[in-house]
Amino acid sequence: MLAVRVGGRLTGLSLVAELGGWVLSQPPLHVSVPVNAARLRSATNRFVHPGATSIRGVKLHWEPCDLAGRGTATAVDLLDALMRVVLDEDLETAVAALDWAMYTNRIDLIDFERMLQQLPESRRWIRGWVDARCESLPESLARTRLRLAGHRVDSQVRLRGFEAIDLVVDDVVGLEVDGAEHHRDRFEADRNKDLAITIAGLHALRPHARAVFSSWDFVEQ
């Protein structure tokens with residue numbers, strides 16, 4: 001593993017991506033190293049020993065030695081990695097990582113609260129943005145972006161006779177945002193659900209995940 005070659009362990013968004021977490025784009029290599037680490041190496045050439053405190057293409061995180069007692073030989077504990085994500089990344093990236101960890105039961109509510117207590121008080125407000133019911137990256141991104149834009153967003157709203165609506169926006173729009181990989185064999189069921197959303201008095205919208213990822217202004221309009 002490249003992080004070990006550097007002389008540390010995988011952390012932050014790199015670890016989330018390695019575990020299959022919800023990450024929009026491939027992050028740079030985040031490596032946790034003890035504060036007393038020495039003889040760091042290149043991530044791509046094990047024979048190169050830069051002897052410097054930074055390495056090209058790698059984000060080094062100098063962390064307390066007690067962190068080494070958690071996690072594995074190649075990666076820090078997931079809670080430590082998620083703390084690093086909250087500290088280093090933008091809001092929608094951090095929320096998506098935490099949504100994924102909660103939804104997939106990588107961490108539970110107790111873990112989440114324990115992590116929050118270890119964060120600086122100025123970062124604990126992220127509690128109000130995370131939703132363990134969120135089922136996908138595009139849903140997470142859409143929810144965060146809509147809330148940042150000032151919209152009221154309710155998640156996983158019950159719909160009689162159907163699965164819950166992903167997001168209800170301002171009590172007007174019923175937004176379904178799962179990608180094709182989740183709906184490839186559900187065309188008819190999805191159309192019926194759109195009809196049910198309309199009958200319930202909401203405007204049904206079903207943008208593709210790629211639109212959420214790369215054409216958000218269009219989706220928001």
Side-chain angles (χ1 to χ4, degrees), residues 1-132 134 137 140-141 144-145 148 213:
M1 183 179 287
L2 293 179
V4 175
R5 178 172 289 178
V6 168
R9 299 184 297 163
L10 205 61
T11 190
L13 202 60
S14 295
L15 179 57
V16 173
E18 178 74 13
L19 295 175
W22 297 342
V23 177
L24 183 56
S25 58
Q26 185 62 36
L29 183 64
H30 290 264
V31 179
S32 171
V33 292
V35 291
N36 59 355
R39 295 180 62 81
L40 299 179
R41 299 175 292 274
S42 166
T44 57
N45 188 338
R46 64 189 177 90
F47 298 107
V48 175
H49 297 263
T53 57
S54 63
I55 298 174
R56 184 177 180 181
V58 175
K59 287 196 173 184
L60 294 176
H61 302 281
W62 301 87
E63 298 182 293
C65 294
D66 62 357
L67 198 97
R70 303 189 291 271
T72 68
T74 59
V76 304
D77 183 78
L78 179 57
L79 279 180
D80 291 320
L82 290 170
M83 286 183 59
R84 175 55 54 200
V85 170
V86 174
L87 292 171
D88 293 349
E89 308 295 340
D90 59 35
L91 177 64
E92 68 174 43
T93 300
V95 169
L98 291 166
D99 283 350
W100 161 77
M102 295 284 285
Y103 177 67
T104 59
N105 293 316
R106 290 277 186 170
I107 65 172
D108 59 21
L109 184 58
I110 294 175
D111 294 326
F112 180 54
E113 291 295 332
R114 180 157 53 91
M115 184 204 72
L116 289 173
Q117 292 307 309
Q118 296 179 59
L119 285 169
E121 189 169 351
S122 61
R123 296 289 182 136
R124 295 176 190 170
W125 51 264
I126 200 170
R127 174 193 280 111
W129 291 80
V130 177
D131 192 336
C134 180
L137 174 59
S140 177
L141 295 176
T144 300
R145 292 171 182 176
L148 283 171
F213 296 156

Quick one: closest heavy-atom pair of [X] and [Y], and the distance?
X: G12; Y: V85; value: C-CG2, 3.5 Å
X: H30; Y: L13; value: CD2-N, 4.3 Å
X: M102; Y: A132; value: CB-CB, 3.7 Å

Could you give the distance from [atom1] ([X]) to [atom2] ([Y]), rounded to the nearest 0.5 Å?
X: I126; Y: F112; atom1: CD1; atom2: CZ; result: 7.0 Å
X: T93; Y: L98; atom1: OG1; atom2: CG; result: 11.0 Å
X: D99; Y: W129; atom1: CG; atom2: CH2; result: 11.5 Å
X: M115; Y: I110; atom1: CE; atom2: CD1; result: 14.5 Å
X: K59; Y: S14; atom1: NZ; atom2: OG; result: 9.5 Å
X: E121; Y: R123; atom1: CD; atom2: CZ; result: 13.5 Å

Judged by atom type as modelled, is there a donor-acceptor pair below 3.5 Å linking the side chain of [X] to the main-chain atoms of [Y]?
X: D111; Y: D108; answer: yes
X: R9; Y: V31; answer: no
X: T144; Y: E92; answer: no
X: T104; Y: W100; answer: yes

**Request:** Mind running side-chain contact (heavy atoms from CB on, under 4.5 Å) on L79 and R114 for me, showing each step along the way?
**Result:** CA-CA 9 Å; L79 279 180; R114 180 157 53 91; 3.4 Å; yes

**Complete:** Of V58, T11, L60, the one forming a side-chain contact (heavy atoms from CB on, under 4.5 Å) with L29 is V58

**Item:** Basic-acidic side-chain contact under 4.0 Å: R127, E113
**Value:** yes

**side-chain contact (heavy atoms from CB on, under 4.5 Å) between L10 and T74, intermediate numbers included** = CA-CA 6 Å; L10 205 61; T74 59; over 6 Å; no

